Amino acid sequence: MKLGAVLLFALALLTVIPGSSIAWEPSKPIEFVVPAGTGGGADQMARLIAGLADKHKLSPRPLIVVNKSGGAGAEGFLDVKGKKGEAHTIIITLSNLFTTPLHNNLPFNWRDYTPIARLALDEFILWVNSETPYKTAKEYLAAVKDKQCKERQGGQCLMGGTGSAQEDQILTIQLEQAIAGAKFTYVPFKGGGEVCVNLVGKHVDSTVNNPIECASHWKAGRVRPLAVFDTARLTVAEWKDIPTVKEALGVDVSYLMLRGIFGAPGMPKEAVDWYVAFLRKVGETPEWKKYMDDGALKPAFAAGAEYVKWVEENERLHKDLMGKGGLLKK
Amino acid sequence: MRLADLLTASFLALLGGLVVFDAVRLGIGWGTDGPQSGFFPFWLGALMIVACAAVLFQAARRSDGTSFVTRQQLGPVLKVLWPAIALVALTHWLGLYVAAALYTGFYMRWIGRHAWLTVLGVAILFPLVTFLVFEKWFLVPMPKGPLEAWLGY
Amino acid sequence: MGIENLLLGFHVAITPYNLFVAVVGITLGTVIGVLPGLGGANGVAILLPLTFTMPPTSAIILLTSLYWGALFGGAITSVLFNIPGEPWSVATTFDGYPLARQGQGGQALTAAFTSSFVGALFSIVLITFFAPLLAEVALKFGPPEFFAIQLLTFSSFVGLGGGNPLKSLVTILLGFILAAVGLDIVTGQLRMTFGFVDLMKGFDFIIAVIGLFGIGEILLSVEEGLSFRSIPTGMNLRVVLDTWKVLPRYLRTFVRGAFIGFWMGFKPGGATPASFMSYAFAKRFSKNPERFGKGELEGVVAPETAAHAAGVAAILPMITLGIPGSPTAAVMLGGLIIWGLQPGPLLFQEKPEFVWGLIASMYTGNIIGVLMVLAFVPLFAAILRIPFAILTPVIVVICAVGSYAVHSSMIDVWYMLIFGVVGYVFKKLDYPLAPLVLALVLGDLAENALRQSLIMSQGSLAIFVTRPIAGVITAVAIFFFALPVLTPWWRRIQGTAAPSGSPRAT
């Protein structure tokens, strides 16, 4: 019976005999792990890559997106960690590559994985509801300091963000530490889209959403961007007029979120080379470029030593920021 | 019936204890911004212990002679259960598709005494269709074993 | 203005290509709906890459049609095998499965599909004419309002259970405890994982349900011997027409279910609580509540109407606000962005042909959908004629596949088996399963909403009373919680007032 099954499987798969063995090429479907839920920024990007690979025939075998969002992404990271030497498993990372293990003392670290490439960096913007009188970040933070958020208990302003001890909260704490006397009450939500809608509905007073999460509400005149958490202004058309935090408040608070790809531990060198070339090709498609522009993402392709160096620095930065904010595991 | 009732309630009470234990670690207080992580689990666990104690008390007072499961009932139940356990265990080694083929074939022959031809037909076609639907059509990867690896999956 | 735009939409939706796309989507969706564990979200996510080569309107029609198919399909396995294909079909098993066991599977399926269609139609009409207005209402719902809704759902079940109240309490607690396992999003701490990585993702509702209801039921039903005790129905379409003759009787249940569903569908995860709430209300207002759970057609009508109404309503916040009302809508939202559309308040003005094409396709998609699934009712019902020794392993394998598909994790398949044994033991010992499932599905959402609210109010519970919408809903919920206490008291007052002076117990 087993033999019968073998024969039938073989028959069904005749079309997919692996190609030549000169350079490495995927010989089976690539498992593309997303350590976040369906519909979020990382998930969107992963599915876009999978779709573009299919549309432009960039990969001989399909990429299969698998969401493993449990434990703030720990489920996905730990799963990939267990696949030593596997050339057909990659993972898209966001800041939870750093924050999750630091906050909960979980046994994984970016050094466990094979760095492949940094695709882009995501920006953060300080938003308020457009019906509030605050036209500048300075006005808003003055209100925060003086506890002027009238609808709230004790005038304490509410800052909405995604998750706890993750990038949004880190940014909030950074802002509090930079501006003496400013204190927010941080309200965690499940996803970025939900956060911005709660701002539109005036359930929170401000958010630090990624540009794309609030873009449509901004265009509809419901929310107002006050400052970009970056050292320079955004370069994409309509986002150009938003001042940086430095310009608006005179303090240095910046944060960029990694959108990068890692491979399973100990992935063969030839496979890494293939993925780097593959992702480079994805980056050149018009659809990818449009996606980057629409989301005001910062194109920042990097691979090899450059990528590793950046990740190293960022890990140090997160440890530092989270330590200051009291978010490290005690 | 009484024994099963007592055992189940005791087990659930134990579970409640475990929850309370973990909740205390997380903090069960009511902070400035609402309850801490362990607040709800603590009370859920505590209530669970109380409720189970009451169930235990009820069950202990009642004395009925009916048994939880008779020998005649247990037979067929186990005949469904253990092959299912074997299926899941085999999946770890052989992958889902081969395990499903073996399991379906075995079950049809053992319980249903179907003709070998029917057995083979279903045992091969069913996993194959599952394979096509999940791996090919919906691109949802299932656990795979040596056979699939050998075939390049 | 609405009508004019709708005509424009139909112009887009009724092209042969778009109709073809709808049929393909519904077929795939029904398959996905049937397979437990493989939800609409998976299906949409999987098809998403294929849509890059299509015009956006056809692409969204494909994806939404798949979603309608999944909404219809979820009922099939609920009725036939007690295995909910989708979370919102759990309540359908309560009466659908007993009906199938009595040889009325065809009637139950017909009622389920028809109710789904009615619920969908209700929501679509509301969306067509009031979308922007409804979006404003949806915005008013913050964490406190959301928590109040969860409370209301739960309260609607209070006092309905019957059986041993202590054991009901235990199962509710167990459900809440299981829901709390994993990451606490409010503080980012891990709860009750005891250092086990496998516990970090928590217990998925659908896995628990596959085990408790599906496997548990198989174990229970084989006690009498290795065969199913169901009686297969006749194999012709007469059963559809006959059932239709009976259905108008449940007009009030249809209206109530559609209303509950539409209203709950605004918020993420709305369809499942909506189906439960609708079921509870149907039972509460029924003249023969004792027949519920034993094979009452109304018990199929109520949850299915609400679930499909909620499923359709979930699309509304997606197109008007850019927030998904369900996991499936979340993936579609990603699709919109990839197709170069910016979901949100401006979509109606910027891309009217897309939005109205989508709305018109909701009508066409659901009409095609209901006709397709109804045509197959005899075939579905005939599945029960397959010999036990073939059907059982096939169901068990599908349960295993479904459990694995949720997180691509083997441990979930083991959980499913364990839940199966738990379901068997609980059923025998009179521990009701419905409260457990309800607590498991609401627990996580309710706790998050409660704690977000308390953070907003600096720890003051007054937030649930002072905000108008939350206040009203909370009051209604408290009323239902108090009902079992109030009822005897009320009867006593009536007794006093009654001239006959019936004997009073004091």
Side-chain angles (χ1 to χ4, degrees), chain A residues 37-40 43-44 47-48 50-55 62 65-72 74-75 78-79 103-104 106 152-154 156 158 163-166 169 185-191 193-194 196-198 200-204 212 215-217 219-220 222 287 290-291 294-295 327, chain C residues 41-42 44-46 48-53 138-144 182-190 193 197 199-202 268 317 321-324 327-335 337-338 340 342-347 407-409 448 451-452 455-460 463:
Chain A
T38 41
D43 182 59
Q44 271 173 27
R47 289 188 196 281
L48 177 65
L52 291 177
D54 187 50
K55 187 179 176 185
V65 178
V66 181
N67 296 86
K68 285 178 184 271
S69 60
E75 186 195 349
L78 289 166
D79 185 68
H103 183 60
N104 272 315
L106 290 165
R152 315 293 170 201
Q153 199 84 21
Q156 179 88 357
L158 303 181
S164 201
Q166 292 182 27
Q169 195 174 10
T185 294
Y186 180 80
V187 187
F189 291 92
K190 260 196 172 148
E194 197 188 336
C196 198
V197 169
N198 271 288
V200 178
K202 293 192 224 157
H203 305 293
V204 293
I212 197 156
S216 67
H217 299 287
K219 283 182 200 153
R222 306 299 290 259
E287 290 91 344
K290 178 161 172 25
Y291 181 75
D294 286 349
L327 298 174
Chain C
N42 299 70
V44 172
I46 291 151
L48 196 56
L50 304 182
T51 61
F52 293 160
T53 47
L139 279 175
K140 296 270 185 293
F141 280 69
L183 188 87
D184 171 16
I185 80 139
V186 178
T187 61
Q189 282 174 298
L190 289 167
T193 56
V197 174
L199 285 172
M200 263 176 225
K201 61 180 183 294
L321 300 175
I323 38 156
T328 316
V331 185
M332 287 186 207
L333 193 72
I337 294 166
I338 293 173
Q342 189 65 67
L346 287 187
L347 201 58
H407 289 286
S408 306
S409 153
N448 283 339
R451 288 171 57 196
Q452 281 162 355
I455 290 173
M456 287 170 67
S457 71
Q458 313 283 321
S460 157
I463 192 167

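Being a predicted model, the structure only gives us computed values, none of them experimental. Numbered from 1 within each chain, the chains take letters A, B, ... in sequence-line order. No hydrogens, no waters, no symmetry mates; every other heavy atom, side chains included, goes into these values.
Of the listed residues (A:Leu78, A:Val204, A:Asp54), the greatest number of heavy-atom pairs within a distance under 4.5 Å of chain C belongs to A:Leu78. Counting heavy-atom pairs under 4.5 Å between each of A:Gln166, A:Arg222, A:Gln169, A:Lys290 and chain C puts A:Arg222 at the top. In terms of heavy-atom pairs under 4.5 angstrom with chain C, the leader among A:Val66, A:Val65, A:Asn104 is A:Asn104. Comparing C:Thr51, C:Val44, C:Leu183 by heavy-atom pairs within less than 4.5 Å of chain A, the highest count is held by C:Leu183.
Rounded to the nearest 0.5 angstrom, A:Ser164 OG and C:Asp184 CG are separated by 7.5 Å.
Residue A:Thr185 comes nearest to C:Ile455 through the heavy atom pair CG2-CG2, 3.4 Å, listed as atom of the first residue, atom of the second, then distance. For C:Gln458 against A:Gln156, the heavy-atom pair with the smallest separation is NE2-CG, 3.5 Å. The minimum heavy-atom distance between A:Arg152 and C:Met456, with the atom names listed, is NH1-CE, 4.3 Å. Here the closest heavy-atom approach between residue A:Asn198 and residue C:Pro143 is recorded as OD1-CD, 3.5 Å. Scanning both residues, A:Leu106 and C:Met200, for their nearest heavy atoms gives CD2-CE, 3.2 Å.
Interface remark: A:Ala72 contributes backbone and side-chain atoms alike to the contact with chain C (heavy atom separation under 4.5 Å). With a 4.5 Å cut-off on non-hydrogen atoms, A:Glu287 does not touch chain C at all.
Between the side chain of A:Lys68 and the backbone N or O of C:Ser408, at least one donor-acceptor pair lies under 3.5 Å.
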